[in-house]
Amino acid sequence: MGGVISADDPKWIEPFSGLTESQFTRLVALVRRRGGDIQRGRPWRLPLENRVLLVATLFGVSKSAADRILDHLAPLLAISPARRPRKDTVYIVDGTLVPTRDRSVAASSKNYRYSTNLQVVIDANSRLVVAIGLPLPGSRNDCRAFTESGVDRVCRGAPTIADGGYQGTGLLIPHRKRRGQTHLSPHQEAENAVHRRARARVEHALSRLKNWKILRDCRLKGNGVHRAMLGIALLHNLALAG
């Protein structure tokens, strides 16, 4: 196996998956519990550990093998559905644009590329990703995307912070000047400052998620971009939780 990237050699795990060896072991165990090692049809040439590493890195084997492994394992890497929020839970939501070649879920957007709008919800305290909305055309504004992507259902029952683009959704958005108002009150300015500091957490989470190369120009079709985002969110949560 000299010169071949493999999960058998721990030195490859962290550089290509962003996880420690113990975190990667937990990820493989999760995929195995979800049925990732069940044999159907032609036997797998690669062991489960290497297949999981491939999905996490999209690196190291032929395109045909990669496509087959992605089709089989990508759904099993998705983050678990959000549980009912506790009384002290606070969420933060924001949308991000992911360039994609699949025009059925994309539109020319403000970044001048065909992109899809993905709504991301995180827990304000733990900063873990709670939910990823269904992909919508990148021209869709966040106000509509919040409800049409389905993440509004996850946020029910928990205070949810958002930016000014979510007007009319009932979320916690910054104070804005009303017609005829020249400036905000000192109290409103202070609340907006607290709001900005809290909302920065979702910006940091989105930045980490989009470090993955697949989200810089996603070539997957259909629900592939959604599966990719769900899998990356799981890797993000594992790395963050330790």
Side-chain angles (χ1 to χ4, degrees), residues 23 26-27 30-31 33-34 74-98 105 116-138 140-176 178 184-185 187-210 215 223 225-242:
Q23 290 168 345
R26 286 163 50 200
L27 175 63
L30 172 65
V31 173
R33 287 197 304 271
R34 291 179 173 181
L76 305 181
L77 287 177
I79 56 174
S80 301
R83 298 178 180 177
R84 189 173 182 176
R86 303 185 308 271
K87 290 183 178 180
D88 60 343
T89 297
V90 176
Y91 290 150
I92 311 174
V93 63
D94 200 6
T96 188
L97 295 175
V98 175
V105 294
T116 184
N117 182 324
L118 288 168
Q119 296 287 301
V120 179
V121 181
I122 71 164
D123 185 296
N125 296 313
S126 66
R127 309 188 187 208
L128 300 177
V129 176
V130 176
I132 304 288
L134 295 173
L136 295 167
R140 195 71 45 87
N141 62 52
D142 286 335
C143 184
R144 285 183 59 191
F146 176 68
T147 54
E148 293 178 10
S149 69
V151 296
D152 60 322
R153 296 190 294 272
V154 175
C155 297
R156 289 173 189 165
T160 304
I161 298 170
D163 64 27
Y166 290 82
Q167 267 192 313
T169 57
L171 303 182
L172 303 174
I173 65 174
H175 294 290
R176 302 179 71 174
R178 297 182 179 179
L184 299 175
S185 69
H187 180 69
Q188 290 174 323
E189 292 283 9
E191 286 189 340
N192 278 0
V194 174
H195 188 280
R196 283 194 298 272
R197 287 196 294 271
R199 241 187 47 76
R201 298 182 179 188
V202 74
E203 298 289 352
H204 296 159
L206 292 176
S207 177
R208 288 191 62 181
L209 293 173
K210 295 180 77 171
L215 296 185
N223 59 359
V225 64
H226 190 229
R227 286 181 178 178
M229 193 69 163
L230 290 171
I232 290 170
L234 174 61
L235 297 176
H236 165 85
N237 287 355
L238 282 171
L240 201 61

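What you see is a predicted model, and the numbers here were worked out from it, not measured in a lab.
In this structure, OG1 on T96 lies 6.0 Å from CE on M229, to the nearest 0.5 angstrom. With rounding to the nearest 0.5 angstrom, the CZ atom of R227 is 14.0 Å from the CD1 atom of I232.
Closest approach of N117 and R140 over heavy atoms only: ND2-O, 3.1 Å.
Not a single donor-acceptor pair under 3.5 Å links the side chain of K210 to the backbone N or O of V98. Without hydrogens or angle criteria, D94 side chain to V202 main chain gives no donor-acceptor distance under 3.5 Å. Without hydrogens or angle criteria, N192 side chain to P174 main chain gives no donor-acceptor distance under 3.5 Å. Judged purely by atom type and a 3.5 angstrom limit, H195 uses its side chain to pair as donor or acceptor with the backbone of L172.
When side chains are defined from C-beta on, H236 does not count as touching I122, because their heavy atoms never get closer than 4.5 Å.
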Compile the donor-acceptor pairs under 3.5 Å between side chains in residues 123-138 and protein atoms, sequence neighbours left out, one pair per line.
residue : atom : partner : partner atom : Å
D123    : OD1  : N125    : N            : 2.8
D123    : OD1  : S126    : N            : 3.1
S126    : OG   : L128    : N            : 3.3

Identify every side-chain donor-acceptor pair in residues 158-170 under 3.5 Å, counting partners at least two apart or on other chains, and give the distances.
residue : atom : partner : partner atom : Å
T160    : OG1  : A158    : O            : 3.1
D163    : OD1  : G165    : N            : 2.9
Y166    : OH   : G95     : N            : 3.2
Y166    : OH   : Q119    : OE1          : 2.7
Q167    : OE1  : R176    : NH1          : 2.9
T169    : OG1  : Y166    : O            : 2.5
T169    : OG1  : L171    : N            : 3.4

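Residues passing the side chain to side chain donor-acceptor pair (under 3.5 Å) test with R144, sequence neighbours excluded: E148.
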